[in-house]
K.L.:
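First the structure, then my questions, so here it is.
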Amino acid sequence: MKFLSGVYVMGIDRMSNGGKRRHAWLLAGASTLLLAACGEQSAQVVPPPAVEATAPAVDGNAAVDPAQQAAQVLLQQRFDALVTAWPQQLAKLDAGIAGWKAALARAGAGDAAADAAWQAQEKATRAVAADMAAWQQEPATTERVAALEEAAASLSKQLGNYQAATRDIDAYLRAREQARKVAQAWEQLARQQLAMGDAGRKELAALQQKDQGLFALRRFAEAARVQQQLAAFYQARLDAGGAVLQARADAVAARDRWQAVATRSGQVPAAAKALQHWQAGDGEALQGELASAVERYRQAGEAWGQARHDGLVKIATPDTVQLAGGTVRIGDLSGRGQRDEKPVHSVTLPAFAMAVTEATFTQFDAYVELTGAPAPVDGGWGRGAQPVINIPLAQAEAYARWLSARTGQAWRLPTEAEWEYAARAGGDKDYGSSDDIVGRAHCEGCSEWGNKSTRKVASYAANAYGIHDLSGNVWEWTASCHTETYAVPQSDKAGESCGQYVLRGGSWSDLPTALRVSNRTAAAVGDSNNRIGFRLVREITAGN
């Protein structure tokens, strides 16, 4: 303001001849324009004071100094250039004011000061345009040129002020739009059972109140920064709210997977902790404690995940019957067996627990679900309680190792001595306690279901030890290497490595003779088909 006032006074002092009043009027208009642009609504256009100028006398007979004449020519050229450029500068200022007014209108901030500035500028522009031809006919003086240069600099500064104000307003509008969009996203999120919390609401109210005050004062650069703060405020809560919803969705998915396992098994694994974490997460989300809510939902998901895991492990774990062991005779006790069933010999076995049934698809599929192991095909015969088939030895052993790791118990395939001991159930006949298997097992010739497909485990009565399907249904892998004779050490330990392993028990497509408890056959390590399955044993240890 002081600078422009100085320009005005200086113009009065320096200008001479007939152009003095016009230049003083122009500078007064420019000063008023910037005052109005800066928000001083009391600024008004003041007509220039009446100033009488006396032109110096010129002696027509005096000699003309060439140097002075050349200087005067240069001065006149400068003056003419300034006068010629003046309309362009005014046009630029007009454009700057128009842009500023348009920005004010977009921001909804038009006022009387802007209108007054515009009217003053129009009046000054018209005055200069009307007198332009006359100005160019007047002699140039150093004072007049200096005054016009300072006035041009003033117009340029005003233009810069308007342009800077326009940029501030546009920056404010962009920041406000960004804040609006983020706020809308937050509101949508908040409607999904999330709240801001008391602290957040107070912080938001303070920012909004500050922005309203700055807007009223036309401090658009500061107001833009406040809008950026508002956008950051909402974005932070949007990010936090998104994390809450994601954690909640993850927990829901974990709960659904757990519930599916509970439904499938008919038993509901314990998940009380999961529910507690879930309810706490809901409460904290509604109170705006979003970080805590995320952690609570995460804990709920983990708890449901653990319950699901425990449920699947429980499904995969077979029921067992504990056998006392001791010294027993095994082999071709009836004398009707093949050469590889001889000689009859005694073995001493420690106590162990044997699975009540062959491993089922239900059990093996639980293992597959938790580990991602290859799922065996069922041949269209169904899964569930059907004995698992198409299982090579390595997969059966991998299942046993996994079950051991999850339960803390020692699970493995039985040796063939353990298998025969369990199948005999204390008897010495071909089928343990009987020489007749018809109607008591699943094989070709044993029942009407024979030679068609497998049957659900435990479809026939258990033997004297309470174990089902040791005869028929599917051949069962053992941990013992196959030999041409049955001469084995009395310990008959498992874990040997060999090319072929012993299969026991016969299958759904075999005749009754293949189901004799002493009958032995062999399969290569990688063999698998719809007649081969397995069952597990669990070692008995202290406290287990």
K.L.:
Would you check if Val388 and Pro376 make a side-chain contact, meaning some heavy-atom pair closer than 4.5 Å?
P.N.:
yes

K.L.:
With heavy-atom distances below 4.5 Å as the criterion, would you say the side chains of Leu93 and Ile97 are in contact?
P.N.:
yes

K.L.:
Report the distance from atom SG of Cys443 to atom CZ of Arg455, rounding to the nearest 0.5 Å.
P.N.:
12.0 Å

K.L.:
How long is the gap from CD1 on Ile169 to CG on Leu104, to the nearest 0.5 Å?
P.N.:
4.0 Å

K.L.:
Would you say that Tyr465 contacts Leu470 through its side chain, given a criterion of any heavy-atom pair below 4.5 Å between the two side chains?
P.N.:
no

K.L.:
Would a 4.5 Å heavy-atom cut-off, applied to side chains only, mark Val525 and Asp527 as touching?
P.N.:
no

K.L.:
Who passes salt bridge (charged side-chain N to carboxylate O under 4.0 Å, His left out) against Asp365, sequence neighbours left out?
P.N.:
Arg383

K.L.:
Could you check whether any side-chain N or O of Gln188 sits under 3.5 Å from a backbone N or O of Ala185, counting only pairs where one atom can act as donor and the other as acceptor?
P.N.:
no

K.L.:
Under a plain distance cut-off of 3.5 Å, with no hydrogens placed, do Tyr172 and Arg225 share a side-chain donor-acceptor pair?
P.N.:
no

K.L.:
Under the rule for side-chain hydrogen bond (donor to acceptor under 3.5 Å, both in side chains), what residues qualify as partners of Gln184, not counting sequence neighbours?
P.N.:
Arg180

K.L.:
Taking side-chain contact (heavy atoms from CB on, under 4.5 Å) as the test, write out the residues that go with Leu245, two or more places apart.
P.N.:
Leu189, Gln192, Leu194

K.L.:
Do Gln227 and Gln178 have side chains that get closer than 4.5 Å, going by heavy atoms?
P.N.:
no

K.L.:
Test Ile391 against Phe364 for side-chain contact (heavy atoms from CB on, under 4.5 Å), laying out the working first.
P.N.:
CA-CA 10 Å; Ile391 291 289; Phe364 201 84; 3.7 Å; yes

K.L.:
Atom CG in Leu413, atom OG1 in Thr478: separation rounded to 0.5 Å?
P.N.:
7.5 Å

K.L.:
How long is the straight-line distance from CD of Gln158 back to OG of Ser154, given to the nearest 0.5 Å?
P.N.:
4.5 Å

K.L.:
Identify the two heavy atoms, one from Glu284 and one from Ala293, that lie closest to each other, and give their separation to 0.1 Å.
P.N.:
OE1-N, 3.4 Å

K.L.:
What is the minimum heavy-atom distance between Ala422 and Leu323, and which atoms define it?
P.N.:
CB-CD1, 3.7 Å

K.L.:
Once salt bridge (charged side-chain N to carboxylate O under 4.0 Å, His left out) is applied, do any residues pair with Arg406, and if so which ones, sequence neighbours excluded?
P.N.:
none

K.L.:
Does a side-chain heavy-atom distance below 4.5 Å link Phe220 with Leu214?
P.N.:
no

K.L.:
Between Tyr460 and Ser471, is the side chain to side chain donor-acceptor pair (under 3.5 Å) condition met? List the steps.
P.N.:
CA-CA 10 Å; Tyr460 296 89; Ser471 296; over 6 Å; no

K.L.:
For residues 385-402, which residue pairs qualify under side-chain hydrogen bond (donor to acceptor under 3.5 Å, both in side chains), counting only residues two or more places apart or in two chains?
P.N.:
Gln386-Thr454

K.L.:
Atom CD of residue position Gln209 - does it have more than 12 heavy atoms of other residues, nucleotides or ligands inside 6.0 Å?
P.N.:
no

K.L.:
Would you please test His442 and Ser447 for side-chain contact (heavy atoms from CB on, under 4.5 Å) and show each step?
P.N.:
CA-CA 6 Å; His442 183 47; Ser447 71; 4.0 Å; yes

K.L.:
Not counting sequence neighbours, which residues clear salt bridge (charged side-chain N to carboxylate O under 4.0 Å, His left out) with Asp170? List them please.
P.N.:
Arg106

K.L.:
If I compare all heavy atoms of Trp477 with all of Ala524, which pair ends up nearest, and what's the gap?
P.N.:
CH2-O, 3.2 Å

K.L.:
Enter the distance from Trp475:CH2 to Ile532:CD1 here, rounded to the nearest 0.5 Å.
P.N.:
9.5 Å

K.L.:
Please list, chain by chain and in numerical order, all residues satisfying side-chain hydrogen bond (donor to acceptor under 3.5 Å, both in side chains) with Thr407, sequence neighbours excluded.
P.N.:
Trp411

K.L.:
Within the structure provided, determine whether Asp250 and Tyr297 are in side-chain contact (heavy-atom separation under 4.5 Å).
P.N.:
no

K.L.:
Are Glu295 and Arg298 within salt-bridge range, i.e. N to O under 4.0 Å?
P.N.:
yes

K.L.:
When you look at Arg412 and Glu418, which way does the salt bridge (charged side-chain N to carboxylate O under 4.0 Å, His left out) test go after all the steps?
P.N.:
CA-CA 12 Å; Arg412 57 176 174 80; Glu418 288 172 334; 2.9 Å; yes

K.L.:
Which heavy atom of Pro87 sits nearest to which heavy atom of Thr84, and what is that distance?
P.N.:
CD-O, 3.2 Å

K.L.:
Using the side-chain hydrogen bond (donor to acceptor under 3.5 Å, both in side chains) rule, collect all pairs that involve residues 528-537, keeping only residues at least two apart or in two chains.
P.N.:
Glu476-Arg535

K.L.:
Considering non-hydrogen atoms only, spot the tightest contact between Ile315 and Ala366 and give its length.
P.N.:
CG2-CB, 3.9 Å

K.L.:
Enter the distance from Gln299:CD to His277:NE2 here, rounded to the nearest 0.5 Å.
P.N.:
4.5 Å

K.L.:
Please tell me if the side chains of Arg248 and Trp278 come closer than 4.5 Å, counting only heavy atoms from C-beta onward.
P.N.:
yes

K.L.:
Do you know which two heavy atoms are closest between Thr166 and Gly96, and how far apart they sit?
P.N.:
OG1-O, 4.3 Å

K.L.:
Kindly state each residue pair satisfying salt bridge (charged side-chain N to carboxylate O under 4.0 Å, His left out) with at least one member in residues 252-263, sequence neighbours excluded.
P.N.:
none

K.L.:
For Phe233, what residues pass the ring pair (Phe, Tyr, Trp, His ring centres under 6.0 Å) criterion, not counting sequence neighbours?
P.N.:
none

K.L.:
Start with the C-alpha gap between Trp508 and Trp381, add the side-chain angles, then the distance that decides, and say whether ring pair (Phe, Tyr, Trp, His ring centres under 6.0 Å) holds.
P.N.:
CA-CA 13 Å; Trp508 56 272; Trp381 296 343; 5.2 Å; yes

K.L.:
Name every donor-acceptor pair, under 3.5 Å, that has one atom in a side chain of residues 196-204 and the other anywhere in the protein, sequence neighbours excluded.
P.N.:
residue : atom : partner : partner atom : Å
Asp198  : OD1  : Arg201  : NH2          : 2.4
Glu203  : OE1  : Arg237  : NH2          : 3.2

K.L.:
Which atom pairs, one a donor and one an acceptor, fall under 3.5 Å between side chains of residues 352-361 and the rest of the protein, sequence neighbours left out?
P.N.:
residue : atom : partner : partner atom : Å
Glu358  : OE1  : Asn473  : ND2          : 3.3
Thr360  : OG1  : Thr362  : N            : 3.4
Thr360  : OG1  : Gln363  : N            : 3.2

K.L.:
Would Arg308 and Leu370 satisfy side-chain contact (heavy atoms from CB on, under 4.5 Å), going step by step from the backbone distance to the final call?
P.N.:
CA-CA 9 Å; Arg308 168 181 171 269; Leu370 283 177; 3.8 Å; yes

K.L.:
Would you find a donor on one side and an acceptor on the other, under 3.5 Å apart, between the side chain of Ser292 and the backbone of Glu289?
P.N.:
no

